[in-house]
Amino acid sequence: MANKEGYFIGGLFAGAMIGAAAALLLAPASGEETRNSLREHIRGTFGDMHDQALEYTESLKGQIQDAADTLTDRVNQYKAQIEDKIEEIQDDVSASIDELNDELEAIKAEDEEMPETEAEDDGEPA
């Protein structure tokens, strides 16, 4: 898109120069009048080109801002998804740790309830 607008502006400038040259060659007016007319025509052409360049710049700024906003929205969506997944994993890990702690406590309780026969036994059969 920028390339097409660049060609348009270049074509506009070339057309203005060709028109100015033709005006000089074909004008029945005096040299002073022709120069003044040419000067005004060039100022008008450059003014138009300046206005078009400003419009294009504003349009480009808007497009860049839209792209930045879209990118920011997508990044925030991905960030929220990642944070949700991290929270889910943390919950799963916490639950697993709690289960393992419960199992460990159960094993300790079983071990404490077992009679200490091995400690009392001297290794001799009864």
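Numbers here are sequence positions counted from 1.
Atom-to-atom distance recorded for Q52:CD and H50:NE2 is 11.5 Å, nearest 0.5 angstrom. Residue Q81 holds its CD atom at 11.5 Å from CG of N76, rounded to the nearest 0.5 Å. To the nearest 0.5 Å, atoms CD1 (I82) and CD (Q77) are separated by 12.0 Å.
Put simply, the side chain of L60 reaches to within 4.5 Å of the side chain of Q63, judged on heavy atoms.
When hydrophobic clusters are built by joining Ile, Leu, Val, Met, Phe, Trp and Tyr residues whose side-chain heavy atoms come closer than 4.5 Å, directly or via intermediates, Y56 is grouped together with I64.
Looking at residues two or more places apart in sequence or on another chain, you find a salt bridge (Lys or Arg N to Asp or Glu O under 4.0 Å) between K85 and E88.
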Using atom types as modelled, flag every donor-acceptor pair under 3.5 Å from a side chain in residues 90-111 to any protein atom, sequence neighbours excluded.
| from | atom 1 | to | atom 2 | distance (Å) |
| --- | --- | --- | --- | --- |
| S96 | OG | D92 | O | 3.1 |
| N101 | ND2 | I97 | O | 3.4 |

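Checking D69 against Q65 by side-chain atom types alone, a donor-acceptor pair falls below 3.5 Å.
Side chain of T70 to backbone of D66: a donor-acceptor contact under 3.5 angstrom is found.
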